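Only one structure is covered here, and it is reproduced in the block below.
We count ligands from 1, going down the list as the structure has it; atoms in each ligand are counted the same way. Given the structure is predicted, the values throughout are model-derived calculations rather than measurements.
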Amino acid sequence: MDHQKVLVLDFGGQYNQLIARRVRDLGVYCDLKPCDMSAMEIEKYAPIGIIFTGGPNSVYDENAPRIPPQILRLGIPVLGICYGAQLIAYTLGGKVVRAAKSEYGKRDVSFVRQSPLSEDIPVRSVCWMSHTDLVTELPAGFGTLANTESCPVAAFGDPVRKIYGVQFHPEVAHTEYGNGMLRNFLYRVCGARGDWTMRNFVEEQIAALREKIKDGRVLCAMSGGVDSAVAATLVHWAVGDRLVCVFVDHGLHRKNEPEEVMSVFRDGLGMNLVKADAAEEFLGALEGISDPEQKRRVIGEMFIRVFEREAKKIGKVDFLVQGTIYPDVIESGKGKSAVIKSHHNVGGLPDVVDFREIVEPLRDLFKDEVRRVGAELGLPDRIIWRQPCPGPALAIRIMGDVTREKLAIVRDADAIFREEIARAGLEREIWQYFAVLTDSKTVGVQGDFRTYENVIALRAITSVDAMTADWARIPFDVLERVSNRITNEVKHANRVVYDITSKPPSTIEWE
Ligand code: XMP
């Protein structure tokens, strides 16, 4: 693929992936890379432009990430954002100082000088600021482009070297014309052509997959989730029947999920899709186990065992498809975080399947791009917009041990919650929503009789990347309908509670 490329150097700020997504949305391919890339590596990568992200440091911190000045002499256009802007000023001999007060929030920014960056942007507009340090003196050759009441240099640049810095964050939605400024940088400063579109991607990927796979055989573990569905569909378009997909029915899925996967992919798309019915085995292996981590471990191991068995039936394959996406492969500028839960993402499959090579057709894509590719390939909205479901599925939404009876309760309650969210038109606003079967029983009164039954908890969150989340402010009348329906229609449930904790301190799933 010889697309034009932009390099986003990650200095550890919280909006870094957002910057990369914005650039791609503007039709230019970009990669997010750690900030210690050398000038030589950058030259070899050959970007049409470089963006330095924000970051938590001050340029004067002892361990602050810095850059070799050669990077600014490569003749490649540069845009520094927040810390990235301060770093440009500092590296080239300007002055950065610590302000008495941090500036945080929306500010009126005035452009005071014409530049390609502010073309078609109003002279005065609202921008999002979040900083303590600020640039007070510019290096030789640079001019102030914009200011705010408390920030004398809100944007600066040198049109000759094509190096620019902005103290505010153009990537966040609160910056009214941020997208326009990024577009200006890409198209007016870097000379972008806009050759990154999902249609191009699909055409190129299908050609590349055909070239790679030739007449080989391919195997894919299909979970029904967006990533594996889109990856499998791409490969199916490329090589048709030479792709065999296996869907493991572990008996822990949400209501109607296995049927839907079979109907969309086997009946609809004509995919060579095998369903492995393994509910009995999974439930047997889970019997009496109530520790969350142990449940996850057992399910992960069982999944691999069942898949291995199915793969043996299929015989030798040449390739294994995985739905890895870009956020899974980004090496961030920050350190690795602690393991809170052992996620089960079919990670162990490569060890048990006999194959030559892994195929990861979505490795370069962000989630929103995966969805757009899915739409290009004609997948239905209910697959493309399916909310994420953890590998262990309902097993970690039942507190304590997993039984058929408990699965029936949580499955029915969950289906009602999903129906009502869809009816209220809230599906795309709420990132994830589901029912949990707690291990509490409470007293109730139903039809004049005392009951002593289970408590269902509803969890609904808004999020961007599942790293942090807030509880969704679902209208009370929707919650009321869900609660009425669950207590009326689901056997063995007499109380419904709503989870109002954010992540952190809670996690999204209860286990
Ligand atoms: P937590 O509960 O850690 O969840 O806040 C973050 C996101 O990850 C999903 N999740 C999983 N996904 N395998 C997965 O593929 C798993 O084992 C798993 N556990 C949690 C969770 O649904 C949420 O979207």
Side-chain angles (χ1 to χ4, degrees), residues 17 220-232 247-248 250-254 257 261 282 285-286 289 291-304 306-307 321-330 336-350 360 362 366-368 370-371 383-399 402 410-411 414 417-418 421 427-438 457-472 499-511:
Q17 288 201 19
C220 176
M222 167 84 98
S223 70
V226 189
D227 303 340
S228 71
V230 173
F247 173 71
V248 175
H250 47 34
L252 309 168
H253 286 109
R254 295 173 296 184
E257 223 161 34
V261 166
F282 273 82
L286 281 169
I289 298 179
D291 176 68
E293 276 299 287
Q294 212 186 334
K295 280 198 241 176
R296 283 170 176 275
R297 252 192 316 277
V298 166
I299 294 168
E301 283 163 18
M302 280 296 296
F303 186 91
I304 289 172
V306 172
F307 193 84
V321 181
Q322 298 215 313
T324 318
I325 70 171
Y326 195 58
D328 304 332
V329 298
I330 292 179
K336 292 236 181 311
S337 47
V339 174
I340 309 290
K341 298 177 186 180
S342 43
H343 278 201
H344 143 66
N345 284 330
V346 298
L349 292 188
E360 295 173 315
L362 311 178
F366 282 110
K367 192 83 176 185
D368 32 354
V370 172
R371 292 207 165 98
I383 297 286
I384 296 173
W385 287 98
R386 165 166 284 167
Q387 49 165 327
C389 184
L394 299 185
I396 54 162
R397 294 176 179 173
I398 291 172
M399 303 303 97
V402 179
V410 75
R411 187 174 280 136
D414 187 69
F417 192 22
R418 285 201 280 157
I421 290 289
E427 280 163 308
R428 292 195 193 177
E429 265 168 60
I430 306 178
W431 209 79
Q432 209 172 359
Y433 46 97
F434 52 87
V436 171
L437 175 60
T438 69
L458 302 177
R459 179 75 162 141
I461 55 106
T462 53
S463 177
V464 182
D465 52 11
M467 300 296 288
T468 61
D470 196 6
W471 58 280
D499 181 348
I500 49 165
T501 19
S502 58
K503 171 185 179 176
S506 288
T507 54
I508 295 174
E509 304 289 344
W510 275 36
E511 286 197 336

For Thr507, atoms of ligand 1 separated by under 4.0 Å from a heavy atom:
1 (P), 2 (O), 5 (O)
Main-chain N/O of Thr501 paired with Ser506 side-chain donor or acceptor, under 3.5 Å
no
Could you tell me, atom by atom, which parts of ligand 1 come under 4.0 Å of a heavy atom of Pro392?
16 (C), 17 (O)
Can you tell whether the side chains of Lys295 and Asp291 come within less than 4.0 Å, N to carboxylate O?
no
Can a salt bridge be assigned to the pair Asp470 and Lys503 using a cut-off of 4.0 Å between side-chain N and carboxylate O?
no
For Gly224, does its backbone N or O pair with a side-chain atom of Arg386 as donor and acceptor, under 3.5 Å?
yes
So, is Ile508 polar-close to ligand 1, with some N/O to N/O distance under 3.5 Å?
yes
For Gly391, atoms of ligand 1 separated by under 4.0 Å from a heavy atom:
13 (N), 14 (C), 15 (O), 16 (C)
Ignoring hydrogens and geometry, is there a side-chain-to-backbone donor-acceptor pair from Arg459 to Val436 under 3.5 Å?
no
Under a 4.0 Å heavy-atom limit, does Ala469 contact ligand 1 with its side chain, its backbone, both, or neither?
neither
To atom 6 (C) of ligand 1, the nearest of Gln432, Gln387, Lys503, Met467 on a heavy-atom basis is Lys503
Looking only at non-hydrogen atoms, which of Arg296, Glu511, Glu509 approaches atom 22 (O) of ligand 1 most closely?
Glu509
Minimum heavy-atom separation for Ile299 to Phe282, with atom names?
O-CE2, 3.7 Å
